[in-house]
Amino acid sequence: VLELRYRLDDVAAENLLSDYWGDVMPVQRAAPKVRFLYQVEMPKGRPLYSNASEIPGVSHSTESLGDGRTLYTWRANTVAQVLAEPSMPGWAEVASTLHVSTYRSWDDVGRYYWGLIRDQLTPTDEVKAAVRQVLRNVNPKDEAAIVRAVYDFVVTHTRYVALEFGIHGFKPYRVDRVLARRFGDCKDKASLIHSMLQVAGVDSRIVLLRMRDLGSLSGTPASLAAFNHAIVYVPGQDLWLDGTAEFHGAMELPGSDRLANVLVVEPKGESRFMTIPAVSAQSNLSTLSVDVKLASDGTASISGSQSVVGQNAPRFRSAYRAEEGRASTFERGWARNFPGVSVSSVKVSDTTDLSAPVSLSFELTVPRLARTEGTSLRVHPFGAKRGYVQSLAPLSERRHDLVLSMPWTERTTWRFELPAGSRIQALPKPVSLQTPYGQLTMSFREQGGQLVAESELSIAVARVKAEEYAAFRAFLTQVDQAFDRRIELVPGAQQASTKAGGPAASVQR
């Protein structure tokens with residue numbers, strides 16, 4: 001039996017955050033608890049608010065102490081453990097969590113925070129000069145271009161370094177100091193973006209954010225303790241900007257910020273507690289086009305191109321940043337599905353241009369793209385089978401919701417130049433799967449002596465409810481089965497009878 005008891009005493013001449021205090025404390029964790037007791041001693045005239053009424057099994061009481069102070073107590077007995085699962089929501093959503101604060105409303109939080117930071121945001125002559133330099137080649141009437149230029153400057157010319165001593169755990173440093181030092185933490189970078197946009201005549205807001213992996217809160221009570229990050233919101237563009245996202249463009253808010261709780265701080269009051277919306281699957285689009293010259297022994301010479309837009313683009317910019325390592329990086333990626341692959345050429349677009357999609361062109365050789373079976377060849381029309389069940393939904397069942405990184409779409413086209421004297425035994429039937437969780441279309445045709453296979457797969461959700469997990473996993477199983485089909489190439493002249501027969505395989509849910 002282990003009994004753990006601890007006490008925190010904040011002792012100072014004055015409170016760093018004026019008369020505010022708040023905390024977020026998990027009641028449940030991965031281990032069961034026999035007893036949970038949480039007590040806060042406060043001045044009598046400073047009431048505490050909490051979400052205790054929302055937590056089953058937690059009782060709340062107050063006691064007046066003899067020295068004019070009040071003792072607030074929250075307690076629970078026999079607290080069950082939370083059984084963790086991979087890719088589950090943050091702990092605040094799956095475990096009972098106590099949230100206490102001296103603030104009654106989110107507008108109170110916003111007013112206080114704006115009063116704390118507003119003097120730090122005042123643009124100096126140095127900041128104004130930097131804005132003029134950054135926007136020297138930008139159309140002053142193009143607000144979107146101005147926002148991109150300012151964002152790109154802060155992301156690429158200031159490093160993320162957190163010096164969060166004392167009040168600077170909450171209060172940013174002055175923007176002129178951030179600019180001069182060329183480093184800062186999230187709120188420093190957000191403040192510099194905001195100040196530079198102000199100089200450029202673009203309206204923006206400082207935003208406090210609770211990162212998605214911590215789990216969403218109900219919104220009761222209101223406090224600064226809810227947040228661990230800061231970004232910027234541009235109302236005119238409906239755009240969220242994270243100055244710490246090194247390889248992300250202005251339109252590519254990191255997935256950890258999407259679907260996160262935020263407080264949009266309004267200088268004139270009425271600050272808003274809300275959730276950043278998700279993006280559509282089409283916003284995160286990857287397009288792959290491959291031309292294959294297949295030999296009779298199953299080896300293949302491949303050339304192709306790839307374009308990546310949205311939240312996957314930063315990963316490519318990071319991976320291909322160093323020119324000298326691009327071929328080996330590309331080769332490692334393809335070797336997962338094609339052992340023995342040899343890359344002869346990889347060309348990548350400018351990875352420093354955060355506003356542009358990432359595009360690649362490549363040439364490579366695969367020793368065993370097709371498998372020989374006697375006199376015939378068997379080949380995956382999309383190069384290799386997939387494993388979406390294993391990568392996205394490996395558990396057979398779930399207690400908690402499944403959290404995915406983001407919605408996305410992948411379009412692929414594979415064109416095969418067949419070995420001399422070979423013909424297609426039969427084309428697979430086309431596929432059309434339509435579900436609430438995603439879609440798959442797949443088609444095959446013979447064109448000019450080539451086999452052409454096209455597919456488009458979309459994962460349309462960022463979260464799957466536990467009760468819907470079985471249906472989502474069934475959809476992924478069908479996707480894997482569709483990609484696992486092979487086409488047989490046999491000796492003989494090309495036949496007109498190789499057209500795909502029958503209607504498309506269709507699932508409607």
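At a threshold of 4.5 Å between non-hydrogen side-chain atoms, the residues S342 and L364 do not count as touching. V264 places a side-chain heavy atom less than 4.5 Å from the side chain of M274. L209 is listed as a side-chain neighbour of D257, based on a closest heavy-atom distance under 4.5 Å. For the pair R136/V134, no side-chain contact is recorded, criterion being any heavy-atom separation below 4.5 Å from C-beta on. Residues R258 and R212 fail the side-chain proximity criterion, which asks for heavy atoms closer than 4.5 Å. Between L197 and Y151, every side-chain heavy-atom pair lies at or beyond the 4.5 Å cut-off. Side-chain atoms of T97 and V27, non-hydrogen and from C-beta on, never get closer than 4.5 Å to each other. Side chains of P428 and F444 form a contact here, defined as non-hydrogen atoms less than 4.5 Å apart.
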*asked:* Evaluate R486 against D484 for salt bridge (charged side-chain N to carboxylate O under 4.0 Å, His left out), listing each step before the verdict.
replied: CA-CA 7 Å; R486 298 192 186 203; D484 195 30; 5.5 Å; no
Worked check of salt bridge (charged side-chain N to carboxylate O under 4.0 Å, His left out) between D480 and R386
CA-CA 5 Å; D480 284 345; R386 306 293 195 267; over 6 Å; no
Self-check item: Derivation and outcome, side-chain hydrogen bond (donor to acceptor under 3.5 Å, both in side chains), residues Q28 and Q81
Solution: CA-CA 6 Å; Q28 286 180 294; Q81 69 183 118; over 6 Å; no
Let's go through W106 and F227 carefully: what are the C-alpha distance in whole Å and the side-chain angles of both, what is the deciding distance for ring-ring contact (aromatic ring centres under 6.0 Å, His included) to 0.1 Å, and is it a yes or a no? CA-CA 12 Å; W106 288 109; F227 307 108; 5.7 Å; yes
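N261 places no side-chain N or O within donor-acceptor distance of the main-chain N or O of S216, the cut-off being under 3.5 Å. Put simply, the side chain of T409 gets close to the backbone of A281: a donor and an acceptor are under 3.5 Å apart. A donor-acceptor pair under 3.5 Å is formed between the side chain of R398 and the backbone N or O of H400. Under the 3.5 Å distance criterion, the side-chain polar atoms of R485 are matched with a main-chain donor or acceptor of K429. Looking only at distances, a side-chain donor or acceptor of N284 sits under 3.5 Å from a matching main-chain atom of Q311. With hydrogens and angles disregarded, no donor-acceptor distance shorter than 3.5 Å links the side chain of S458 to the backbone of A460. A donor-acceptor pair is defined here as one N or O able to donate and one able to accept, closer than 3.5 Å; no such pair exists between the side chain of N51 and the backbone of E54. Panel note: side chain S355, backbone D353; no donor-acceptor pair is recorded below 3.5 Å. Distance alone, capped at 3.5 Å, is enough to place a donor-acceptor pair between the E331 side chain and the V343 backbone. No donor-acceptor pair closer than 3.5 Å links the side chain of R315 to the backbone N or O of N312.
Relative ring orientation between F416 and W414 is described as parallel, the plane-to-plane angle staying below 30° on a 0-90° scale split at 30° and 60°.
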Identify each donor-acceptor pair in which a side-chain atom of residues 302-310 lies under 3.5 Å from a protein atom, sequence neighbours left out, and give them as a table.
from : atom 1 : to   : atom 2 : distance (Å)
Q306 : NE2    : S286 : OG     : 3.4

Donor-acceptor list for residues 316-326 side chains, cut-off 3.5 Å, not counting sequence neighbours:
from : atom 1 : to   : atom 2 : distance (Å)
R317 : NH1    : F247 : O      : 2.7
R317 : NH1    : E252 : OE1    : 2.7
R317 : NH2    : E252 : OE2    : 3.1
R317 : NH2    : L354 : O      : 3.2
R317 : NH2    : A356 : O      : 2.9
R321 : NH1    : E246 : OE2    : 3.1
R326 : NE     : Y320 : O      : 2.7
R326 : NH2    : Y320 : O      : 3.0

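With sequence neighbours left out, the salt bridge (Lys or Arg N to Asp or Glu O under 4.0 Å) criterion links R473 to no other residue. For E373, the side-chain hydrogen bond (donor to acceptor under 3.5 Å, both in side chains) criterion is met by R371, not counting sequence neighbours. In this structure, the salt bridge (Lys or Arg N to Asp or Glu O under 4.0 Å) partners of D291, at least two apart in sequence or on a different chain, are R415. Every residue two or more places apart in sequence or in another chain that forms a side-chain hydrogen bond (donor to acceptor under 3.5 Å, both in side chains) with D185 is listed here: K187. Considering only residues two or more places apart in sequence or on other chains, Q447 meets the side-chain hydrogen bond (donor to acceptor under 3.5 Å, both in side chains) condition with R445. For the side chain to side chain contact (heavy atoms under 4.5 Å, CB included) test, residues two or more places apart in sequence or in another chain that qualify with V154 are T158, K189, L192, I193, M196. Evaluation of the salt bridge (Lys or Arg N to Asp or Glu O under 4.0 Å) rule for R272 yields E266 as partners, not counting sequence neighbours. D152 meets the salt bridge (Lys or Arg N to Asp or Glu O under 4.0 Å) test with no other residue; sequence neighbours excluded. The side-chain hydrogen bond (donor to acceptor under 3.5 Å, both in side chains) search around N137 returns none, not counting sequence neighbours.
From R411, atom CZ reaches atom OG1 of T287 across 5.5 Å, with rounding to the nearest 0.5 Å. For the atom pair CG (L392) and CD1 (I459), the distance works out to 6.0 Å, reported to the nearest 0.5 Å. One distance of note links NZ of K465 with CZ of F472; it measures 15.0 Å at 0.5 Å rounding. For the atom pair CG of L440 and CG of L433, the computed distance is 5.0 Å after rounding to the nearest 0.5 Å. Atom CZ of residue F183 and atom CZ of residue R159 lie 7.0 Å apart, to the nearest 0.5 angstrom.
Annotation for R399: atom CZ does not count as buried by contact number, only 12 or fewer foreign heavy atoms lying within 6.0 Å.
For the ring pair (Phe, Tyr, Trp, His ring centres under 6.0 Å) condition, the pairs that include at least one residue of residues 331-360, sequence neighbours left out, are F330-W334, W334-F338, W334-F362.
Contact record, P381 with I487: CB-CD1, 3.9 Å, taken as the closest heavy-atom pair. Here the closest heavy-atom approach between residue V265 and residue G110 is recorded as CG1-O, 3.6 Å. In plain terms, the two heavy atoms of Y113 and P172 that are nearest each other are OH-CD, 4.1 Å. The shortest non-hydrogen separation linking G383 to L369 is O-CD1, 3.8 Å. A pairwise comparison of heavy atoms in S376 and V490 identifies CB-CG1, 4.0 Å as the closest pair.
Between the side chains of Y233 and D238, at least one donor N or O sits under 3.5 Å from an acceptor N or O. Judged by distance alone, the side chains of H99 and T220 never bring a donor and an acceptor atom under 3.5 Å apart.
The side-chain contact (heavy atoms from CB on, under 4.5 Å) test with P89 singles out one residue from V94, L214, L402, and that residue is V94. With H194 as reference, I206 is the one residue of I206, V234, V175 to meet the side-chain contact (heavy atoms from CB on, under 4.5 Å) rule.
With ring centers used as reference points, Y437 lies 6.0 Å or more from F475.
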